[in-house]
Undergrad: 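My questions will all concern the structure given below.
Source: prediction; values computed, not measured. We name chains A, B, ... by the order of the sequence lines, and we start the count at 1 in each one.
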4 protein chains.
Amino acid sequence: MTATTAGRSRRPNGAAPTERRNRDSAVIAAAITVMSQKGYAATSIQEVADRVGVLKGSLYHYFRSKEELLFRILEESHEQVVEIEHEVAALDLSAFEELLEYVRRSSTWYLSNIDRANIFFSERNQLTGDRLTEAQAWGRAFEKHIAKLLTSAQTDGDVRSDMDQRLLTRFVLGALNNIRFWPSRSGKSFSNDEMAAALVSLTRSAIAAP
Amino acid sequence: MTATTAGRSRRPNGAAPTERRNRDSAVIAAAITVMSQKGYAATSIQEVADRVGVLKGSLYHYFRSKEELLFRILEESHEQVVEIEHEVAALDLSAFEELLEYVRRSSTWYLSNIDRANIFFSERNQLTGDRLTEAQAWGRAFEKHIAKLLTSAQTDGDVRSDMDQRLLTRFVLGALNNIRFWPSRSGKSFSNDEMAAALVSLTRSAIAAP
Amino acid sequence: MTATTAGRSRRPNGAAPTERRNRDSAVIAAAITVMSQKGYAATSIQEVADRVGVLKGSLYHYFRSKEELLFRILEESHEQVVEIEHEVAALDLSAFEELLEYVRRSSTWYLSNIDRANIFFSERNQLTGDRLTEAQAWGRAFEKHIAKLLTSAQTDGDVRSDMDQRLLTRFVLGALNNIRFWPSRSGKSFSNDEMAAALVSLTRSAIAAP
Amino acid sequence: MTATTAGRSRRPNGAAPTERRNRDSAVIAAAITVMSQKGYAATSIQEVADRVGVLKGSLYHYFRSKEELLFRILEESHEQVVEIEHEVAALDLSAFEELLEYVRRSSTWYLSNIDRANIFFSERNQLTGDRLTEAQAWGRAFEKHIAKLLTSAQTDGDVRSDMDQRLLTRFVLGALNNIRFWPSRSGKSFSNDEMAAALVSLTRSAIAAP
DNA sequence: CATGAATGAGGCTTCATTCAT
DNA sequence: TATGAATGAAGCCTCATTCAT
């Protein structure tokens, strides 16, 4: 929310965007598809424009630079993930159950938004300057949240205490972040819910107190 | 081993092969460092040359194209990982223990070769044509190997049978591949062995038969 | 007066011409400020629009092209300078005194309209085609006028005869055109009148007959 | 000398440039011609490349950016002008005669290097950042030098004391800087020396003590 | 009149790659 | 082998201008 997201096209008075939003979303959608597939650096604005059905230069009505476009995608994704965090927190579960529920819901989100998730986890470091700083902060906050839940769950006696919480955190996060790769192999034979459930079950077994 | 790897070391006269290899390794080492950090697409040959202390054009004595350079890096990594696979297979353990030992050793390798591992897992898809095909085959073989071990271990009754082997495979692979990110967070406070051991322990708990 | 100046103010209905003129002047004023600072080529229509508080596209109600906008600015300036020429001619002074009075009054105008003067003297050559031709004609007429006064003054014995009139002309014109740079250095400490008076005095000394 | 001039093409070891310098000069010469004619902003790298007989991209072996190219031109010109300053200072003349000799020699330089002089006086402000700062400093040093000579000459009683030194400075500088426009009008009929001599004579008359 | 999205051309710059020396 | 100038293609971005609303 800090870095340069706002003010793409100069609108002196407060005119109504009407149709605008649609194109905006179309642009972002196109960018997500291409960038997820080829990676940010290998994606050309041209390809995005082609997909939107607009000339290259016209895209600059929707963002100020390729990097801003990436940032916007990341930012949106981040917001949605944070939203999940809040929803789960509102459920008033034990730390352990909250953690697992969080794993389940975000897994589902990643699986339903694989392209977004790919970009979210792979292209953050292509940002520079303030935008990079901000995006890195997301990651840290994210990790801290998981760490806190794990610590609480350890205190509650729900999570094994024979292992440093930091190692647990990394394991849980790693397994979670990787779920986006599950479907890409061997003919999509599991539903998102099945996969999410499997991840939760495996995570539970992995870290539960004996 | 299929795609264009050959044709680098023509040695018409009896020049010192050691010198050659050294430069060659230096080039690869430089490329690994840069590409791990910025990604293949965002890495310029110039940066690699700078790091080697050679002019851009000179690099083309060591590889035919940027893509071949990437391929060589991936290939080397792949070979080393396969080597681990063979070593572990030679230990004659039960499927379950072989799997876990494999996890331990490859974790250690990833942690000791983080830059290589980064490229190995992130840049494969930047290849094209035959090289892409070959690299993708590695991944599939890799997965198949884990799958086989898991199936055997399930048959042995060592691994939980309440979950499809394919889900188990993805989980194990995902957690394993992700260990390369463990050190990057919060002040490197664990040794590679500690991290590998933790991963093994967690993986065991996750998938062991009850 | 030849080139494409016309065709701006079609007023089909009996709309208020005042409003119109105002906007028109506002646009020109904005353009003058920006172009004086950054130069014609480096000035974007966007910047002018921003300064007027209007969207880029809207500016095209006030001129047909960026070049026409520049031309109009130059033309207006030219007209004002010519006006000064006529005023001074009407004073019925000796050639020498007319020249000096002309120097004084145009100096003052340049100093009071520095941005206009900057554009007038620096951006003429950015025009093309007929507009360029016309603007260049202004310069020549201008010079011819000074030349005529100097020749007369030489005949009158008021101006030194030991130097070709063409050299005198260039000197006088050069010194005059440059007065617009006087204020920009070292904290504006002189009034426009003081500077104009100084220029007149120095010019007089420079060219007066001994 | 401060701003980024050095290090255009990366040369790890100290190889001999040999042919290099030639091209370098050719590039600068081409740029000077085009920029003098059309102005920096309106000059495209393409035009310079065409004139050198090289592809657009190839030019970037000789400079890092269009702005650096401009800076280099300005810097070279500045150095030559400063050189003149030093030469004249070494002549050990009275302040008044030194000033006039300086006017004569720099006039001659401007007339012999009209394109350089045009750029020198017109395009400085197209620079940005540190380069702009440095170039502006040149101007100030330049002016200070003239001012010092004038003050001394006033003290010596050689220059009129009825006028503030700052006004004299501006007048002298203005007339001098403008000499580059003298030849552009009406069929080049005077030699550079004639024009320089005329300027000196007129300047002397203008500012000499009565 | 104003809007603002779209155009289409062009500008600066980077870069993988080649090649004569 | 190494050099470094040159290529040619492409990439990002800007901008004057148009036009339907």
Undergrad: What's the CG-C1' distance between A:L59 and F:dC15, to the nearest Å?
TA: 16 Å
Undergrad: If you check every side-chain atom of C:H61, which of F:dC12, E:dT17, E:dC1 has the closest atom?
TA: E:dC1
Undergrad: Between A:R72 and A:E68, is a salt bridge (Lys or Arg N to Asp or Glu O under 4.0 Å) present by the stated rule, with each step listed?
TA: CA-CA 6 Å; A:R72 210 131 87 210; A:E68 195 203 284; 2.5 Å; yes
Undergrad: Between A:L55 and B:F63, which residue's closest nucleotide on DNA chain E lies nearer the 5′ terminus?
TA: A:L55
Undergrad: Counting only side-chain nitrogens and oxygens, does C:S58 get under 4.0 Å of the OP1 or OP2 atom of E:dC1?
TA: no
Undergrad: Go through E:dT3, F:dA2, F:dA10 for me and flag the one nearest to the D:K56 side chain.
TA: F:dA10
Undergrad: Looking at F:dC12, E:dT7, E:dA5, which one has an atom nearest to any side-chain atom of A:Y62?
TA: E:dA5
Undergrad: Given E:dA16, is OP1 or OP2 found less than 4.0 Å from the side-chain N or O atoms of B:S65?
TA: no
Undergrad: Okay, side chain of A:K66, backbone of A:S44: is any donor-acceptor separation there less than 3.5 Å?
TA: no
Undergrad: Write down the partner of E:dT13 under the Watson-Crick or G-U wobble criteria, each distance required to be under 3.5 Å.
TA: F:dA10
Undergrad: Taking CD from A:Q46 and P from E:dT7, how many angstroms apart are they, rounded to a whole number?
TA: 12 Å
Undergrad: For B:L70 and B:I119, work out which heavy atoms get closest and say how close.
TA: CD1-CG2, 3.6 Å
Undergrad: Once you apply the 3.5 Å cut-off to both distances, tell me the Watson-Crick or G-U wobble partner of F:dA20, or none.
TA: E:dT3
Undergrad: Measure from the side-chain heavy atoms of B:K66 and tell me the nearest of F:dT7, E:dA16, E:dA6.
TA: E:dA16
Undergrad: Think A:R23 has a side-chain N or O under 4.0 angstrom from the OP1 or OP2 of E:dA6?
TA: yes
Undergrad: Rounded to whole Å, how long is the line connecting atom CD1 of B:I45 with atom C1' of F:dG4?
TA: 16 Å
Undergrad: Which sits closer to the 5' end of DNA chain F, B:G57 or D:G53, going by the nucleotide each is nearest to?
TA: B:G57
Undergrad: To the closest 0.5 Å, what do you measure between NZ (D:K38) and CD (D:E47)?
TA: 3.5 Å
Undergrad: Rounding to an integer number of Å, can you tell me how far D:E68 CD sits from E:dT14 C1'?
TA: 15 Å
Undergrad: Could you tell me whether a side-chain N or O of A:Y40 sits under 3.5 Å from a main-chain N or O of A:E67, the two making a donor and an acceptor?
TA: yes
Undergrad: Nearest-Å distance, CG (B:D50) to C1' (E:dC15)?
TA: 13 Å
Undergrad: Among the nucleotides F:dC15, E:dA16, F:dC12, which one has an atom lying closest to any side-chain atom of B:S44?
TA: E:dA16
Undergrad: Round to the nearest Å and state the distance from B:R64 atom CZ to F:dT1 atom P.
TA: 14 Å
Undergrad: Nearest to the D:Y60 side chain among E:dT3, E:dT13, F:dC13, which nucleotide is it?
TA: E:dT13
Undergrad: Would you verify whether the NZ or CZ of A:R124 falls within 45 degrees of the ring axis of A:F120 while also being under 6.0 Å from that six-membered ring's centre?
TA: yes
Undergrad: For D:D24 and F:dG4, give me the distance from atom CG to atom C1', rounded to whole Å.
TA: 14 Å
Undergrad: On DNA chain F, compare the nucleotides closest to C:A42 and A:Y40; which residue's is nearer the 5' end?
TA: A:Y40
Undergrad: Quickly work out the D:L69 CG to E:dC12 P distance and round it to whole Å.
TA: 11 Å
